[in-house]
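Letters go in sequence order (proteins before strands), and every chain restarts at 1. As the structure is a prediction and not an experimental result, all values here were calculated from the model.
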2 protein chains.
Amino acid sequence: MLDLIAQRRGTLGPAERRVADWVLEHPRRAARMRLAELAAASGSSEPTVIRFCRRFGLRGFRDFAPRMTEALSRPATYVHHHVQPDDAPVDAATKVVDASIQALFAIRAQVASMPVQAVVDALARARQIVFAGLGASGHVAADASHKFFRLGLPCTALTDSPSILQYAAIAEPGDVFLVTSHSGRWAELARAAATAGERGACTVALTEPGTPLADAARFLLPCHAPEDTNVYTPMSSRLAQLALLDALQVALALAMGDAAVDRLRRSKDALQRG
Amino acid sequence: MLDLIAQRRGTLGPAERRVADWVLEHPRRAARMRLAELAAASGSSEPTVIRFCRRFGLRGFRDFAPRMTEALSRPATYVHHHVQPDDAPVDAATKVVDASIQALFAIRAQVASMPVQAVVDALARARQIVFAGLGASGHVAADASHKFFRLGLPCTALTDSPSILQYAAIAEPGDVFLVTSHSGRWAELARAAATAGERGACTVALTEPGTPLADAARFLLPCHAPEDTNVYTPMSSRLAQLALLDALQVALALAMGDAAVDRLRRSKDALQRG
DNA sequence: GTCCAGCATGTAGGAAAATTACAGAAATAT
DNA sequence: ATATTTCTGTAATTTTCCTACATGCTGGAC
């Protein structure tokens, strides 16, 4: 959380930046403060603080305090080790796994402030669920489709731009359109989400907060994972997305009750025979 | 905090005791609830809940949620929490992520004793790399192929039995055949690995130790992840497999030297333009 | 140089949640 | 049996947060 604030500090306007600076300098105090207090202390106004919170994927200032206390009480033991060119294969491998663990910790800390309940409700009522993603995120989408399908829900995975845009154009109310992206910067994904949303579908973005895609979707599951810049593929963030979708599926299964659990058990038993 | 509540539970009156019991039974949900919600859920009233909080040295209900989240995010609570039917969606989601973190910890501990060096050597010299997997592991294979492909190596992913068996029959020395499976019990996968091995290919299994597939392959990357038996899909183990393949790719990139790193950078830059 | 569009910021009013005041019920002691 | 103390719930009060709208600023077009 604090990392994220520090990182995105530069993209903020002057007033919001004052808030960011104050929070970064007095994180523990900020966690215990009221909205009006923080606004006064940082020399800005209440709506500015709220907008500041929203920019980081929070629903409002109500989620700020819990989120901060969680971030502050998180064990800081797992410091990120960058992979060095002269690392032995085993050491490099260990560091990569460490980075993944780190990413999951980050996700864990954020889960509490995500609109999980709202998304689960939408999924439970969905006429169909459409997962979309390009490149590596396409694999995430395919995996998710394969996973939610076992709950007995109509699922599809779309992994190329034409299909995604075509679907968005024919989306209907009752559909849930879940778009996955590491960077959130592909224009066509944001456009597809916007279109589907206008047509009445429930759009969910699984991506970095503050990006076009994140803004275009109705619900945002923020997925910010600190990547090792020496590694040129978004690995840990993809892992975080998968873990989050796993979590979503389990939450959905619980919400759907016995019928869903029964379907899962049956689909598992079907494999056991093989 | 929770210990304190449990300890002082006996000294409370009936109504406040109902609150204490409810909080002890659903600590994570309690941390996220409103005053009115907690009062209703515990079968008491709002002032009773406030008095309950004051009894533990808190100024009021406003301090309750932060205290709880702090208590719950302590390292001790990371250890094993099974998902329960009456968990709130957010709590279930957190538990699933916890399970994934645990799986990665388990993998991390095992990495040191894996034949990473040997596998990396084989991959670096490979004429082509073939990833194979069925069902959920098929997605892992596809993802791996997509990832190693960026190193400039000839890669394929096979995700159905006929293709896998056909490939095994025409495998050649210089090929690396990497088979992924959660259970390791699909007979055709073990057979394919054996066949490919006989034909001189280097076979690598990414699966549970002690299974037919593990025995049939030349190298074994053990991937045993403790699954929550209440969850009927192998989620954390699949995550562990992905993390391990990520690690392998990075290790391989390092072993291949500047050329590989350059290819990764180029493939990343190609996306940036989009 | 002037005007307009778009964005960032702040003001004020309204909604929601937590807290307090008070009164009734239960339990115990006299 | 009654009085007193303790406990509990209803209703009003206050605090806190959020939203709608107005204002001022920056940057680009004509």
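The side chain of B:Thr48 contributes an N or O atom lying less than 4.0 Å from OP1 or OP2 of D:dG9. Checking the phosphate oxygens (OP1, OP2) of D:dT19, a side-chain nitrogen or oxygen of A:Arg54 falls inside 4.0 Å. The phosphate of D:dT16 has OP1 or OP2 within less than 4.0 Å of a side-chain N or O from A:Arg34.
A straight line from CZ of B:Phe52 to P of D:dG9 spans 14 Å, rounded to a whole angstrom. As rounded to whole Å, 12 Å separates atom P of C:dT11 from atom CZ of A:Arg51. When rounded to the nearest whole Å, the span between CG of A:Asp215 and P of C:dC7 equals 12 Å. Here the P atom of nucleotide D:dC18 and the CG atom of A:Leu58 are 10 Å apart, to the nearest Å. Rounded to an integer number of Å, the gap from CG of B:Leu35 to P of C:dA18 is 5 Å. Taking atom CG of residue A:Asp63 and atom C1' of nucleotide C:dA16, one finds them 15 Å apart after rounding to whole Å. For the pair B:Glu16 CD and D:dT8 C1', the computed distance is 9 Å after rounding to whole Å.
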Dump the intermediate steps for salt bridge (Lys or Arg N to Asp or Glu O under 4.0 Å) on A:Asp175 and A:Arg127, then the final yes or no.
CA-CA 5 Å; A:Asp175 290 5; A:Arg127 190 181 70 100; 3.1 Å; yes
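Among the heavy atoms of the strands lying under 4.0 Å from B:Arg18 are primed sugar atoms or P, OP1, OP2 only; no base atom is included. No engagement by A:Arg17 is indicated, since no non-hydrogen atom pair under 4.0 Å with the nucleic acid exists. When heavy atoms are screened at a 4.0 angstrom cut-off, B:Glu46 is found touching base atoms of the nucleic acid.
Map B:Arg62 and B:Ala15 each onto its nearest nucleotide of DNA chain D; the residue landing nearer the 5' end is B:Ala15.
Classification of B:Lys147 and B:Asp143 as a salt-bridged pair holds, one side-chain N sitting under 4.0 Å from a carboxylate O. Ion pairing between a basic and an acidic side chain is recognised when a charged N comes within 4.0 Å of a carboxylate O; A:Glu172 and A:Arg199 show no such pairing.
Side-chain atoms of A:Pro47 lie closest to D:dA20 of the nucleotides C:dA18, D:dC17, D:dA20. Closest contact between the side chain of B:Ile50 and the listed nucleotides D:dT10, C:dG10, C:dT19 involves C:dT19. The nucleotide whose nearest atom lies closest to any side-chain atom of A:Phe61 is, among D:dC7, C:dA18, D:dC17, D:dC17.
No close placement of the A:Phe56 and A:Phe64 rings is indicated, their centers lying 6.0 Å or farther apart. A ring-centre distance under 6.0 Å is found for A:Phe177 and A:Tyr167.
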